[in-house]
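This report concerns only the one structure given below.
Starting from 1, each residue takes its place in the sequence as its number.
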Amino acid sequence: MKTKSIFAIAAIVCGTVLMTSCSGKSDVPVTKQTYTISFEGQTLNADGFWCGDETGEPFDNWGSTGYSCLYKEAGTEFVANYTPAWGSWTGFAISSRTATSFNSATMTPDQFNNITGTARSGKNFCVVYPFGESIEFGGPVTLKGFWYTNNAWTVDAILNGDGMSPGIFEADDFLKCVVYPTPADENLMSGARYEIDLASGGDYVKGWQYCDLSTLDAFKNIKSISFGFEGSKKNDYGLTTPTYICIDDIVIER
């Protein structure tokens with residue numbers, strides 16, 4: 001759980017893009033399909049979220065039993081690693097919650113709230129809280145883009161402080177989510193990154209925004225993406241701002 005130029009020349013000579021060369025044989029045209037992953041297929045609990053459960057594959061999490069669970073849609077896998085003894089999870093949760101606030105006394109379920117109170121479409125959206133987990137596409141795809149917004153806990157830290165780093169966000173503070181693509185060709189090393197500003201210049205993302213990756217070669221012919229976070233509020237152990245992003249309607253072509 002856990003060359004382009006040669007092909008282009010062939011296409012010009014043939015007058016159409018085919019899967020095989022100009023041999024005169026009956027060739028099959030290349031056809032690709034576009035899929036939108038909307039997270040509507042997951043059953044949620046009474047509080048309107050899913051972050052894994054005890055039906056997943058067991059693993060040892062520092063002496064406690066964790067469960068690695070998968071949500072699957074359009075050939076794509078989203079892992080949620082859930083540890084009941086700690087009441088904790090990492091990876092990709094799914095939520096339909098409509099609350100927009102965060103209270104530390106009700107951290108669960110409030111950590112599954114986004115700042116808009118709605119999904120981008122339908123009822124469900126994905127809450128991303130990664131600890132090394134990736135979205136696995138199950139084969140080469142082009143990632144066209146996805147919608148994103150801020151998590152309610154993140155916004156609470158921006159506006160009220162995170163309790164570990166002094167003060168609220170000022171004009172020179174920032175938080176960004178970084179998206180890393182992994183090429184499907186294992187002989188290639190990407191090194192690519194795409195930065196999404198969640199808070200900067202004294203403001204923060206308040207609604208659903210579209211991350212358009214359709215013109216970027218680094219997101220073509222990839223097999224997975226992973227997420228990281230960078231920001232100005234930190235201590236000796238790393239960022240102190242809650243490292244969440246909420247996403248919806250991922251558009252892929254395969």
task = Could you go through the side chain to side chain contact (heavy atoms under 4.5 Å, CB included) check for Glu73 and Ser38 one step at a time?
result = CA-CA 8 Å; Glu73 185 177 347; Ser38 59; 3.6 Å; yes
message = side chain to side chain contact (heavy atoms under 4.5 Å, CB included) for Phe78 and Ile37? Distances and angles first, verdict last.
response = CA-CA 11 Å; Phe78 302 80; Ile37 299 170; 3.9 Å; yes
ask   = How far apart are the C-alpha atoms of Glu57 and Tyr67, what are their side-chain angles, what is the distance that settles it, and do they pass the side chain to side chain contact (heavy atoms under 4.5 Å, CB included) test?
value = CA-CA 5 Å; Glu57 181 178 335; Tyr67 297 89; over 6 Å; no
message = Could you walk me through whether Arg120 and Phe125 satisfy the side chain to side chain contact (heavy atoms under 4.5 Å, CB included) test, starting with their C-alpha distance in whole Å, then the side-chain angles of each, then the deciding distance to 0.1 Å, before giving a yes or no?
response = CA-CA 7 Å; Arg120 162 61 191 175; Phe125 58 93; over 6 Å; no
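To the nearest 0.5 angstrom, Glu230 atom CD is 12.0 Å from Thr243 atom OG1. Atoms OG and NZ, from Ser214 and Lys144 in turn, are 6.0 Å apart once rounded to the nearest 0.5 Å. Atom CG of residue Leu216 and atom OG1 of residue Thr142 lie 11.0 Å apart, to the nearest 0.5 angstrom. To the nearest 0.5 Å, atom CG of residue Asp185 and atom CD1 of residue Ile222 are 13.5 Å apart. Here the straight-line distance linking atom OG of Ser104 with atom CG of Asp162 works out to 12.0 Å at 0.5 Å rounding. In this structure, Ile168 CD1 and Ile158 CD1 are separated by 10.5 Å, a value rounded to the nearest 0.5 Å.
Taking every heavy atom of both residues into account, Pro242 and Ala157 meet most closely at CD-CB, 3.4 Å. Contact between Leu44 and Ser95 at its shortest, heavy atoms only, is CD1-C, 4.0 Å. Heavy atoms only, all atoms of each residue included: Cys177 and Leu198 are closest at CB-CD1, 4.1 Å.
A donor-acceptor pair under 3.5 Å is absent between the side-chain atoms of Ser96 and the main chain of Lys123, judged by distance alone. No donor-acceptor pair under 3.5 Å is formed between the side chain of Thr36 and the backbone N or O of Asp249. A donor-acceptor pair under 3.5 Å is absent between the side-chain atoms of Asn61 and the main chain of Thr65, judged by distance alone. The closest donor-acceptor contact from the side chain of Asn235 to the backbone of Tyr237 lies under 3.5 Å. Tyr71 contributes no side-chain N or O that, together with a main-chain N or O of Ala80, makes up a donor-acceptor pair within less than 3.5 Å. Of the possible polar contacts, one joining the Asn151 side chain to the Gln111 backbone as a donor-acceptor pair under 3.5 Å is found. Remark: side-chain polar atoms of Asp197 are not paired, donor with acceptor, to backbone N or O of Ser200 under 3.5 angstrom. Using a distance-only test at 3.5 Å, with no hydrogens or angles considered, no donor-acceptor pair links the side chain of Asn113 to the main chain of Gly117. With hydrogens and angles ignored, the 3.5 Å screen pairs a side-chain donor or acceptor of Arg97 with a backbone N or O of Asp47. Within the 3.5 Å criterion, the main-chain N or O of Ser88 finds no donor-acceptor partner in the side chain of Thr83.
Taking the side chain as every heavy atom from C-beta outward, Met189 and Pro183 never approach each other to under 4.5 Å. Residues Arg254 and Pro140 are not in side-chain contact: their nearest non-hydrogen atoms beyond the backbone lie 4.5 Å or more apart. Contact annotation: the side chain of Phe169 never approaches that of Leu159 to less than 4.5 Å [non-hydrogen atoms, C-beta and beyond]. Side-chain contact check for Tyr204 versus Leu175: every heavy-atom pair is 4.5 Å or farther apart.
Residue Ile250 is grouped with residue Ile196 when hydrophobic side chains (ILVMFWY) are merged at heavy-atom distances under 4.5 angstrom, including chains of intermediate members. A continuous path of ILVMFWY side-chain contacts below 4.5 Å connects Ile94 to Ile247, so both sit in one hydrophobic cluster. Both Val128 and Ile225 belong to a single network of hydrophobic side chains, linked directly or stepwise wherever heavy atoms of I, L, V, M, F, W or Y lie under 4.5 Å apart. A chain of hydrophobic side-chain contacts below 4.5 Å, direct or via other Ile, Leu, Val, Met, Phe, Trp or Tyr residues, connects Val141 to Phe39. A continuous path of Ile, Leu, Val, Met, Phe, Trp and Tyr side chains, each step under 4.5 Å between heavy atoms, connects Phe229 with Val205, placing both in one hydrophobic cluster.
More than 12 heavy atoms of other residues, nucleotides or ligands lie within 6.0 Å of CZ in Phe146, so this atom counts as buried by the packing criterion. Residue Lys206 places its NZ atom among more than 12 non-hydrogen atoms of other residues, nucleotides or ligands, all under 6.0 Å distant.
Side-chain contact of Glu133 with Asn81: a donor-acceptor pair under 3.5 Å is present, judged by distance alone. Counting only N and O atoms by type, the side chains of Thr106 and Asp110 include a donor and acceptor under 3.5 Å apart. A donor and an acceptor atom, one from each side chain of Ser226 and Ser134, are nowhere located under 3.5 Å apart. In summary, the side chains of Ser64 and Trp86 do present a donor paired with an acceptor at a separation below 3.5 Å, with no hydrogens or angles considered.
Checking Thr149, Thr116, Asn150, Asp248 one by one against Trp208, the side-chain hydrogen bond (donor to acceptor under 3.5 Å, both in side chains) holds for a single residue, Thr116. Considering Phe92, Tyr129, Phe112 in turn, Phe112 is the only one that fulfils the ring-ring contact (aromatic ring centres under 6.0 Å, His included) rule with Phe49.
Ion pairing of Lys223 with Glu186 is present here, as a side-chain N (NZ or NE/NH1/NH2) and a carboxylate O approach within less than 4.0 Å. Comment: Glu170 does not engage Lys233 in a salt bridge, judged by the lack of any side-chain N to carboxylate O separation of less than 4.0 angstrom.
Classified by interplanar angle (parallel below 30°, tilted 30° to 60°, perpendicular above 60°), the ring pair Phe219/Tyr194 is perpendicular.
In this structure, Tyr82 has its ring center at least 6.0 angstrom away from the ring center of Trp89.
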